[in-house]
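Each remark here refers to the structure printed beneath this line.
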Amino acid sequence: SAPADAASAVRHMHFPAFGPDAAKFLVRERSIVGIGIDTLSPDSPGVAGFPVHHIVLGSDRFILENLLLPTTIPARGASAIVSPISIVGAPEAPARVWAMLPATA
């Protein structure tokens, strides 16, 4: 049966996400400029406080959510161009994202 309220619905959601330790590692050890994920959030559903959001955004990095990630994009070597819409006063916005693939030999 369907959950009765939004909080209950979130507890029943399941999708891959980043853990706080992974986010800290990427920010501190890999000097990332941001993370992208093809799910609703980099945080696990039902985890209180959105720790991955706080770690990444608190380090002045960006988060891209709900990406369509084609399998033709290699795990290494591609670059991304991210073009968010500028909305005054908004902490988030829709964005267009392009992948630039490395030249093949």
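Throughout, numbering of the chain's residues begins at 1 and tracks the sequence.
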Between M100 and W98, does the side chain to side chain contact (heavy atoms under 4.5 Å, CB included) criterion hold? Intermediate values first, please.
CA-CA 7 Å; M100 306 227 356; W98 291 271; 5.6 Å; no
Please evaluate residues L67 and I37 with respect to the criterion side chain to side chain contact (heavy atoms under 4.5 Å, CB included), reporting the C-alpha separation (whole Å), side-chain torsions for both, the decisive distance (0.1 Å), and the verdict.
CA-CA 6 Å; L67 290 172; I37 193 163; over 6 Å; no
Is the shortest heavy-atom distance from the side chain of [X] to the side chain of [Y] under 4.5 Å?
X	Y	result
P45	H14	no
P94	P84	no
V56	P42	no

Given the rule that I, L, V, M, F, W and Y join up when any side-chain heavy atoms are under 4.5 Å apart, are [X] and [Y] in one cluster?
X	Y	value
F25	L57	yes
L101	V82	no
L64	V33	yes

Write down the atom of [X], the atom of [Y], and the distance for their closest heavy-atom approach.
X	Y	answer
E65	S41	OE2-CA, 3.9 Å
D43	A17	C-CB, 3.5 Å
A48	P51	O-CD, 3.7 Å
A93	I85	CB-O, 3.2 Å

Could you tell me the separation between the [atom1] atom of [X] and the [atom2] atom of [Y], rounded to the nearest 0.5 Å?
X	Y	atom1	atom2	value
R61	I55	CZ	CD1	12.0 Å
I35	I63	CD1	CD1	5.0 Å
L26	S59	CG	OG	11.0 Å
N66	T39	CG	OG1	7.0 Å
H53	E92	NE2	CD	7.5 Å
K24	E29	NZ	CD	12.5 Å

Please step through side chain to side chain contact (heavy atoms under 4.5 Å, CB included) for the pair D38 and L68, ending with a clear verdict.
CA-CA 6 Å; D38 60 350; L68 171 61; over 6 Å; no
Going through the distances and angles, do F15 and S44 end up as a side chain to side chain contact (heavy atoms under 4.5 Å, CB included)?
CA-CA 7 Å; F15 53 81; S44 294; over 6 Å; no
Take atom CZ in F50; do more than 12 heavy atoms of anything else shown fall under 6.0 Å from it?
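Incorrect, the count does not exceed 12.
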